[in-house]
Amino acid sequence: MQFNKAEFAAAYGSFPQIPACSRMEIAFAGRSNVGKSTLINKIFNRKNLARVSAVPGKTATINFFRCGDVARFADLPGYGYAKVSDSERRRWSGLIEGYFHQDRDIRLVLSLLDIRHAPSADDLTMLDFLIDSELPFAVVLTKTDKLTNNQLRARLEEIRTEIPCGDQVTLFPVSSMNGRGIEELRKTIESVVESE
């Protein structure tokens with residue numbers, strides 16, 4: 001799979017706009033400012049494929065990317081950002097729920113958590129939803145470069161107890177800054193795409 005050939009395909013701000021699914025999809029989910037856009041750019045080795053902002057809550061649409069003819073990638077709006085209006089939060093929630101409840105060929109959801117912090121209530125709600133919906137998912141632990149090796153080991157053990165079914169969930173500790181774990185994540189994405 002040629003990751004650097006990925007291209008932006010489309011963005012949708014409301015659920016009715018999202019077209020029917022035409023190929024397998026891999027989705028990126030996580031709270032605002034967890035590093036979804038930065039991670040997408042790192043995975044696909046493209047600086048500006050996904051728009052990165054220092055302002056949390058910037059991704060207010062579902063952004064789709066294509067890489068070859070087999071798969072599409074969905075960057076979902078970040079959840080849990082307090083400094084937006086209730087109506088905007090409801091729109092984001094409807095957009096994310098609508099995406100997951102539509103008849104889509106979702107092969108993998110990459111649920112991002114900031115490794116430095118215990119999962120928020122919104123993070124746990126998302127993980128419970130993925131488990132209850134029987135959607136294939138893995139947890140991507142971002143910002144590992146902010147921890148020492150000892151802190152990283154300790155947090156990996158703690159995360160297993162902080163998330164539902166933690167002993168059965170695949171964890172990917174990654175850093176978009178120094179590249180830690182990115183190749184393993186690419187291999188997993190590649191194996192999902194090439195299983196078609």
Side-chain angles (χ1 to χ4, degrees), residues 1 3 6 21 23-45 50 62 64-65 67-68 70-80 96 99-100 104-196:
M1 185 173 166
F3 284 93
C21 183
R23 60 190 73 176
M24 76 163 75
E25 292 179 355
I26 294 173
F28 294 81
R31 72 174 187 244
S32 296
N33 218 26
V34 74
K36 284 193 315 304
S37 299
T38 304
L39 179 66
I40 288 168
N41 289 338
K42 188 71 174 178
I43 288 170
F44 293 102
N45 206 21
I62 293 184
F64 285 97
F65 305 92
C67 188
V70 180
R72 287 204 330 170
F73 298 84
D75 180 11
L76 304 180
Y79 52 75
I96 294 169
Y99 171 79
F100 280 121
R104 309 197 73 80
D105 184 10
I106 301 171
R107 298 293 178 92
L108 180 64
V109 178
L110 296 171
S111 185
L112 278 65
L113 302 176
D114 184 332
I115 194 167
R116 299 171 298 171
H117 310 293
S120 68
D122 289 326
D123 290 325
L124 296 174
T125 298
M126 174 59 81
L127 293 171
D128 283 334
F129 168 77
L130 295 171
I131 291 165
D132 292 345
S133 303
E134 298 183 359
L135 284 164
F137 76 95
V139 170
V140 178
L141 300 165
T142 62
K143 308 189 183 187
T144 60
D145 54 284
K146 309 283 190 193
L147 301 179
T148 65
N149 285 336
N150 286 340
Q151 289 171 326
L152 176 60
R153 275 192 295 276
R155 281 301 297 140
L156 284 171
E157 285 181 27
E158 289 163 1
I159 289 273
R160 293 270 182 210
T161 66
E162 294 168 350
I163 62 174
C165 304
D167 58 333
Q168 301 167 47
V169 174
T170 301
L171 301 179
F172 288 100
V174 302
S175 168
S176 297
M177 296 301 111
N178 63 26
R180 180 200 301 260
I182 298 299
E183 200 49 47
E184 291 88 342
L185 198 48
R186 282 192 189 119
K187 284 177 183 166
T188 296
I189 291 169
E190 208 162 26
S191 68
V192 169
V193 170
E194 290 176 358
S195 67
E196 183 68 3

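Just so we're clear, the structure is a prediction, and the values are computed from it rather than from any experiment. Just so you know, residue 1 is the first one in the sequence shown, and it goes up from there.
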Requested in this report: Evaluate the ring planes of F73 and F44, with Trp represented by its six-membered ring, and classify them as parallel (under 30°), tilted (30 to 60°) or perpendicular (over 60°).
Outcome: perpendicular
Report summary line: Between P77 and K36 the two heavy atoms that sit nearest each other are C-NZ, 4.1 Å
Query - Side chains of I115 and L152 in contact at under 4.5 Å (non-hydrogen atoms) - result: yes
Requested in this report: For the residue pair I43 and N41, establish whether any side-chain heavy-atom pair is separated by less than 4.5 Å.
Outcome: no
**Report entry** Close side-chain approach of R104 and Y99, heavy atoms under 4.5 Å
**Finding:** yes
Query raised in the report: How many angstroms lie between CG in N33 and CG in L112, if you round to the nearest 0.5 Å?
Result: 12.0 Å
Report summary line: Interatomic distance, CG@L110 vs CD1@I189, rounded to 0.5 Å, equals 5.5 Å
Query raised in the report: Quick one: does I163's side chain get under 4.5 Å of V139's, heavy atoms only?
Result: yes
**Report entry** Contact list for residues 129-154, test salt bridge (Lys or Arg N to Asp or Glu O under 4.0 Å), sequence neighbours left out
**Finding:** none
Query - Test side chain to side chain contact (heavy atoms under 4.5 Å, CB included) applied to P164 - qualifying residues, sequence neighbours left out - result: L124, L127, D128, I131
Report task. May I have the step-by-step check of side chain to side chain contact (heavy atoms under 4.5 Å, CB included) for F28 and V109, ending in yes or no? Result -> CA-CA 6 Å; F28 294 81; V109 178; over 6 Å; no
Query raised in the report: Among all residues two or more places apart in sequence or in another chain, which pass the side chain to side chain contact (heavy atoms under 4.5 Å, CB included) test with S133?
Result: F129, L135
Requested in this report: Under the side chain to side chain donor-acceptor pair (under 3.5 Å) rule, collect the residues that match up with Q151, sequence neighbours excluded.
Outcome: T148
Report summary line: Rounding to 0.5 Å, atoms OG (S111) and CZ (F172) come to a distance of 12.5 Å
Query - Atom of I96, atom of M126 and distance for their closest heavy-atom approach - result: CG2-CE, 4.2 Å
Query - By side chain to side chain donor-acceptor pair (under 3.5 Å) - contacts of S120 (at least two apart) - result: D123
Requested in this report: Identify the heavy atoms of K42 and G179 that sit nearest to each other, and give their distance.
Outcome: CE-CA, 3.9 Å
Query raised in the report: How many angstroms lie between atom CZ of R23 and atom CG of D105, to the nearest 0.5 angstrom?
Result: 11.5 Å
Query - Heavy-atom closest pair, residues A138 and L108 - result: N-CD1, 4.1 Å
Query raised in the report: Tell me the salt bridge (Lys or Arg N to Asp or Glu O under 4.0 Å) pairs involving residues 112-121, sequence neighbours left out?
Result: D114-R116
Report task. Please identify each residue that fulfils salt bridge (Lys or Arg N to Asp or Glu O under 4.0 Å) with R180, with sequence neighbours left out. Result -> none
**Report entry** Donor-acceptor contact below 3.5 Å, side chain T142 vs main chain G35
**Finding:** no
Query raised in the report: Who are the salt bridge (Lys or Arg N to Asp or Glu O under 4.0 Å) partners of E158, not counting sequence neighbours?
Result: R155
Requested in this report: List in chain and number order the residues that pass side chain to side chain donor-acceptor pair (under 3.5 Å) with R72, two or more places apart in sequence or in another chain; answer none if no residue qualifies.
Outcome: none
Query raised in the report: Would you say V140 and V34 make side-chain contact, with heavy atoms under 4.5 Å?
Result: no
Query raised in the report: Does M1 offer a backbone N or O that forms a donor-acceptor pair with the side chain of E190 under 3.5 Å?
Result: yes
Requested in this report: Quick one: do D75 and F64 satisfy side chain to side chain contact (heavy atoms under 4.5 Å, CB included)? Show the steps, please.
Outcome: CA-CA 6 Å; D75 180 11; F64 285 97; over 6 Å; no
Requested in this report: Report the residues that fulfil side chain to side chain contact (heavy atoms under 4.5 Å, CB included) with E157, sequence neighbours left out, ordered by chain and then residue number.
Outcome: none
Query raised in the report: Would you say V174 and L39 make side-chain contact, with heavy atoms under 4.5 Å?
Result: yes
Query raised in the report: How long is the gap from CD1 on I40 to CZ on F3, to the nearest 0.5 Å?
Result: 12.5 Å
Requested in this report: For the pair N178 and S175, evaluate side-chain hydrogen bond (donor to acceptor under 3.5 Å, both in side chains) and give the outcome as yes or no after the intermediate values.
Outcome: CA-CA 6 Å; N178 63 26; S175 168; 3.2 Å; yes
Query raised in the report: D122 versus R31: any side-chain heavy-atom pair under 4.5 Å?
Result: no
**Report entry** R160: side chain to side chain donor-acceptor pair (under 3.5 Å) partners, not counting sequence neighbours
**Finding:** none
Query raised in the report: Among all residues two or more places apart in sequence or in another chain, which pass the salt bridge (Lys or Arg N to Asp or Glu O under 4.0 Å) test with R186?
Result: E183
